[in-house]
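Beneath this line is the structure, given in structure tokens, with notes to follow.
So that the names make sense, note that chain A is the first sequence line, chain B the second, and so on, each numbered from 1. Worth knowing before you read on, the calculation uses all heavy atoms, side chains too, and leaves out hydrogens, waters and symmetry mates.
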Amino acid sequence: MLGEGLYVRGPSASTASESMHPVQSSDAISPPTRHDSTTPASISHTMYLLVERFFNQAGAAPGGGEGGDWVESLSVLPRAISLTDPSMLQGSQRRKLQLERAFQYSMRILRSRMEAAVLPDDTALADTIKRRLIRRDKSMDKAMQFSNLFQKLTTKSALKNKWACVYFLLAVSEQANRLPGPDQHEDSTLFSIGLESIPDAGSEKSDSCRKTTAYDGPSDASSRHPPPGLAENTQYLKTWRTDSNTVLESEWLQDIVYVFQGIDGRYIKYNDSTETYVIDEKVQISQPLRELLHRLTELGWLYRRITSFLKFQTNHAGIGLMAQSFCSAIQREMTDYYRLIAILQAQITPSDDEKSASRPSLTLKRLYVWTQDPLQRLRVMGVLVDLCIDDRGGELLATLHDYVHHGDPFIQQFIHHLMSDVCKPFYNMLKLWIYEGQLDDPFDEFFIVGHPVGKEEDFWEVSYSMRENMIPSFIEPMVAKKIFMIGKNLNFLRSQCGDSEYVIMSSQQGQNAQGFEYGNYHTLRDMINKAYTATTQKVIDSLLTKYKLMEHLEAIRKYLFLGQGDLIQYVVDEIGVALTKPANTLFRHNLASSLETGIRMSNAQYDDPDITSRLDVRMLQSSPGDIGWDVFTLVYQLQSPINTVINNTAMHLCKKISNFLWKMKRVEHALSSTWKPRMRLAQNLRHSPSTSAICLIDRTCKVLECSWDELKTLIASKPDMDLLIRGYLRYLNTIISKSMLGARKHKDEPPTLFKIVDVILEFREAQERLHKYGTALARQEQRANLDFRERSFDISHIHADGDLLPEEDGTESLENIRAELNRGAERFREELSNFMELLAEHADETLRALSVRLSFNEHWKMILPAIEKRYGHTAILYMNDVNSGIVNMILSLNV
Amino acid sequence: MDSKLQEARETMDILHEISRILNTSLDRETLSLCVSLCESGVNPEALAAVIKELKRESRALRGENAS
């Protein structure tokens, strides 16, 4: 066969191409069964023929003939060569060399692309071609024609690789469509720049490539050594890649998976000083790959951070239950992460039988996409870990809770999930506290702290306190306060009221309580409100009924605030005289017995003996010169739990009020006792201070009644303990401020009212002396009358005859007494004007009104200058004058 | 044998016709060489690239000869 001859012909047998005929050469596609056409040798041979053919066409068509007359040009070429023109012969030698190069170049192109870029699919290919034809010609004709031809082709069995052939045609056709003008690419052609310019980095670098270049002809190649086949080429490509400093993707993958676990890889290592992952500098990688690797190492970086935190926390003793549960929640999240790493590891090292190409292998990019979700989770954890490293207990919860409001639903959900775990110990503590009033807080994490209590009455104030910074932010301050109160109420009931049954009952309720989990806040709040109301109710009820709080308050008012008039009057009458004696001559038991008698004599005997027995007499620490009045005081003894409400502060205030009232009582007593003898002397000496004092006592009683009413309403409204205690203190403070106890010009001075009272007492003293003097004088007069009946009594006479004065105490003289009285009057005037000033300026409206009442017709303003003017007149006249003013005032007050 | 030859020829005719429709500007013999290469498992795309190069070469050579 002629076709066979074509295959064996070497490059030198160019003349044989003369015999080539299109029809004959079509035999070249004879079935492969006959020819071993699949061998590389046959490929290179056919290739050689192809190249030669193109060269012949070009050489034979100097005029630049069209592709259409190639058939004729073929026959022209051999003849031209056979002319044996030396120049032509030389040209043919050169051409032969060119042909050789072109052939090798073509072979390299063939080798470079081992597989088709698209999957072989006949129908899809036919469709593509049809579409292209329609687009090109804007008509269906060619497309129909092609469709018919393709149909016919499929019926033929001569071709076993129809797709390749048709695809080849399509590819060439596309080239023809896009083929640029010849001059445009002139310089890039093979021979104008020579073979060296072809980018053939491989030929310099690898031996296998050099082999291919040494291979100079199909016949030669087949005889010397087997031409490089497909497999060999693949091998070559591989060695070319590993020879350079690049690293295979699979190696990167392994490295990255190591990095994910916090272990250093072969090329990627952790740098402790900069706290970053660095890629080995010796490795050359492209910028995108470097970027990708850096992004992936973030996961490893976060992993290191989180695990170091966990390690730190577990080694750190006493981190607290909440921090522990936080760690365990993080640990649990990390197990998910470990699972991911295990899967990745399995992916990159498949077992041998699984190595089939059907499985999609892992790439760095794919890995990047897969790790996005875990990355975000780790990022959140990383942030939390950084934030929470110093926090403990409630603070930790507060910090975490802030992130629940994150805008990203993913993070929000993640934190929520985390929180439900972290909050468990907190809710356990809370439950225990609310239902049993117990604190189970070994690491000081709860927002309530217990303190040891010294004295029983301090229990309520001291036993527990709140730590504001430990309140988790999801619990509002009001609710936290209520929680605090609930537990305190329970403890109060148990330890102070001895009512442990209620507490036990409450703890049984708590067994199946709802709402003690994170995210169920509304239920919790309702729960707390309910428990709060219940326990508060219980405490107040227990105080009011079992411990008779109201009765005790009443008793304090009655006895300490002198509400029980008959008893007080009796006591004052009974011991009033004794009290004027020096303090150190008095004995408590004497006073106490007279108090007891007083109780028996007065209406107080109908009171509960439990209450009256609590009333007692106390002697204050006496200093020299004090008389009984100064040290005498009444006390009311209280026991737990009542003394929680009426605590020490309140008791102190009570004493203050009681003392004041006693002082008032004393002045009143003194004045009236002074008055009585005066009445005998027909000298109405009841003067201004006494009225003013009486007035004030009156006033104080009014204040007492008003405040008492307020207090009663408060208690009726069932407040909680804190409100009750504060309410009582407010009650006492109102009494003090309204009864002017606190009114003073300067802080250091005793209250003005006290000073007035003191002045009054001094004045009374002076009066007493005057009275004594007067009586002595009268006695003298009587005696004198016996001797000098005709001499009349004249006050000026007394003045003149100082030596006639009684000599009982030697120093007493009328002048002295007068001076003292005047001084007393002066001081009284001063203090009173101070007092009036204070009253007028006082913040309380009712007290300003009092100043108007006291000086209704401006009597004091008038009378005071008058006193000034009459300074030097006889004391008695002055007294009378003042007295008339007072009568006026009393009248005005009574109106 | 004859029938096989006949079929091969017909196939070649069809392919040539397709080639013509697609404006590949390949003559029948070149086409037959290419087809035999395709048949022996050469990547058609690579072959198309070779053809492109060769076409360019031949055009360059022709230009050379003309000058």
| field | Contact check, side chains of B/Leu47 and A/Ile109, non-hydrogen atoms, under 4.5 Å | value | no

| request: Evaluate the side-chain contact (heavy atoms from CB on, under 4.5 Å) criterion for residues B/Glu17 and A/Lys152: first the C-alpha distance (whole Å), next the side-chain angles of each, then the deciding distance (0.1 Å), finally the verdict. | output: CA-CA 11 Å; B/Glu17 192 60 22; A/Lys152 264 191 242 167; over 6 Å; no

| Does the pair B/Thr24 and A/Phe168 meet the rule for a side-chain contact (heavy atoms from CB on, under 4.5 Å), with working shown? | CA-CA 10 Å; B/Thr24 54; A/Phe168 161 73; over 6 Å; no

| Could you state the interatomic distance from CG (A/Leu49) to SG (B/Cys34), rounded to the nearest 0.5 Å? | 11.0 Å

| request: Check step by step if side-chain contact (heavy atoms from CB on, under 4.5 Å) holds for A/Thr46 and B/Val42. | output: CA-CA 11 Å; A/Thr46 322; B/Val42 165; over 6 Å; no

| Can you find a heavy atom in the side chain of A/Leu149 that is under 4.5 Å from one in the side chain of B/Leu15? | no

| field | Within-4.5 Å side-chain heavy-atom neighbours: B/Glu45 and A/Tyr167 | value | yes

| query | At what distance, to the nearest 0.5 angstrom, does SG of A/Cys165 lie from CD1 of B/Ile14? | reply | 12.0 Å

| task | Could you check if a side-chain atom of A/Leu110 sits within less than 4.5 angstrom of a side-chain atom of B/Asn43, using non-hydrogen atoms only? | result | no

| Got a second to check how far A/Leu153's CG is from B/Glu10's CD, nearest 0.5 Å? | 11.5 Å

| query | In Å and rounded to the nearest 0.5 Å, what is the OG to CZ distance from A/Ser173 to B/Arg20? | reply | 13.0 Å

| In terms of heavy-atom proximity below 4.5 Å to chain B, should A/Leu133 be classed as side chain, backbone, both, or neither? | side chain

| Roughly how far, to the nearest 0.5 Å, is OG of A/Ser106 from CD1 of B/Ile51? | 8.5 Å

| query | Is there a side-chain contact between B/Leu33 and A/Met47, using heavy atoms and a 4.5 Å cut-off? | reply | no

| Within a strict 4.5 Å, meaning less than it, do heavy atoms of the B/Asn23 and A/Arg136 side chains meet? | yes

| remark: One should read off an interatomic distance between B/Ser19 OG and A/Leu169 CG, to the nearest 0.5 angstrom, of 5.5 Å

| message | Could you go through A/Phe54 and B/Glu57, starting from their C-alpha distance and side-chain angles, then the distance that decides it, and tell me whether this counts as side-chain contact (heavy atoms from CB on, under 4.5 Å)? | response | CA-CA 8 Å; A/Phe54 268 90; B/Glu57 289 314 318; over 6 Å; no

